[in-house]
Enquirer: 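Here it is: the structure, laid out below.
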There are 2 protein chains.
Amino acid sequence: MEKDLYGVCPFVTAQKILTGKWTLLIMHHLNLKTMRFSELQRALPHLTQSTLTKQLRMMEGNGLVIRTVYSQIPPKVEYSLSDLGYEFKPVLSTLETWGNKYLDFLKKN
Amino acid sequence: MEKDLYGVCPFVTAQKILTGKWTLLIMHHLNLKTMRFSELQRALPHLTQSTLTKQLRMMEGNGLVIRTVYSQIPPKVEYSLSDLGYEFKPVLSTLETWGNKYLDFLKKN
DNA sequence: CTGGATCCCTTATGATACTG
DNA sequence: CAGTATCATAAGGGATCCAG
């Protein structure tokens, strides 16, 4: 990832990482456990295969996710969080709490 | 905001809210204090006027921001966080921490 | 000062079909 | 099983100009 002038602000940086429409959801699942590609697909039925692949590639490129390939037939690929990815956990927690408050808010309105 | 089937998950909800490229940054500033439109512009020199307006309208629509108009010449409009917006504060804190870790990571690589 | 109205462009996302 | 390739579309963001 390039380091431009805007990139010195933690919020701008965070925002960049979170742009992907499914990033948070994938982070959440991988935070619970390492998963295979097909497991992620089942857990996220609203993504197409190609979209999921792109998201994972992006997250891998950003250093959030580690991709482990087992050379065998049939192929097996596992996705897990990097150290940086695990450090994201507090954000997931607070975000989950807030997301639920927001859902309550929506119900009342 | 519509309530579709996906909207029962706090992460999906949160992701929707955070899609805006500048949402986090605006939240951060408004979390510190109520600001006028022109103050926000100065604080965020990389947004055009029209983009800032759109972002704020979106955040207002999402219930994060409150827009107060003072009927006077010249016009004065203040933006502040709603209760829901203030409850977002823990997310901002954890995100800031993580963003800084990420920046450190980038420096080393 | 605070925005509205347009037009344009890039990027993100999705559908579909094919492959080692 | 885990992708790739291609094509199509949609949405977000930005530039510019106008206005109460």
Enquirer: If you look at every strand shown and take non-hydrogen atoms under 4.0 Å, does B:K54 touch a base, only sugar-phosphate, or nothing?
Expert: base

Enquirer: Please work out if B:Y79 contacts a base, only the sugar-phosphate, or nothing of the nucleic acid, heavy-atom cut-off 4.0 Å.
Expert: sugar-phosphate

Enquirer: On DNA chain D, reading 5' to 3', which nucleotide is the first and which the last to sit with an atom under 4.0 Å from a heavy atom of chain B, could you check?
Expert: D:dG13 to D:dG20

Enquirer: Which of these nucleotides, C:dG20, C:dG14, C:dG4, is closest to any side-chain atom of B:R57?
Expert: C:dG4

Enquirer: With a 4.5 Å heavy-atom cut-off, do B:L18 and A:L95 have their side chains touching?
Expert: yes

Enquirer: Near DNA chain C, which residues from residues 32-44 of chain B have a heavy atom under 4.0 Å away?
Expert: B:R36, B:F37, B:S38

Enquirer: To the side chain of B:V77, which of C:dT2, C:dA17, C:dA15 is closest?
Expert: C:dT2

Enquirer: Is the phosphate of C:dG14 approached by A:T51 (side-chain N or O, under 4.0 Å from OP1 or OP2)?
Expert: yes

Enquirer: Take atom CD1 of A:I26 and atom P of C:dA12, then tell me their distance rounded to the nearest Å.
Expert: 14 Å

Enquirer: Separation of A:L47 atom CG from C:dT13 atom P, in whole Å?
Expert: 9 Å

Enquirer: Tell me whether the count of non-hydrogen atoms from other residues, nucleotides or ligands lying under 6.0 Å of CG in B:N100 goes above 12.
Expert: yes

Enquirer: To the nearest Å, how far apart are A:M58 CE and C:dG14 P?
Expert: 12 Å

Enquirer: Side-chain donor-acceptor pair under 3.5 Å between A:T48 and A:T51, yes or no?
Expert: yes

Enquirer: Over all heavy atoms of both residues, which pair between B:L30 and B:Y86 is shortest? Give the atoms and the distance, please.
Expert: O-OH, 4.3 Å

Enquirer: Should A:K101 and A:D104 count as an ion pair when the cut-off is N to O under 4.0 Å?
Expert: no

Enquirer: Going by the angle between their ring planes, with limits at 30° and 60°, are A:F37 and A:Y79 parallel, tilted or perpendicular?
Expert: tilted

Enquirer: Do B:T53 and B:S50 meet the criterion of a side-chain donor-acceptor pair at a distance under 3.5 Å?
Expert: no

Enquirer: Regarding A:S50, tell me which of base, sugar-phosphate or nothing describes its non-hydrogen contacts under 4.0 Å with the strands shown.
Expert: base

Enquirer: Quick one: B:Q72 CD to C:dG3 P, roughly how many Å, whole number?
Expert: 12 Å

Enquirer: To the nearest Å, how far apart are B:I73 CD1 and C:dG3 P?
Expert: 13 Å

Enquirer: Crowded around A:K89 NZ? As in, over 12 foreign heavy atoms under 6.0 Å?
Expert: no

Enquirer: Could you tell me the separation between the CG atom of B:L52 and the P atom of C:dG3, rounded to a whole number of Å?
Expert: 9 Å

Enquirer: Could B:K33 and B:E39 be called an ion pair, given the rule that one side-chain N must be under 4.0 Å from one carboxylate O?
Expert: yes

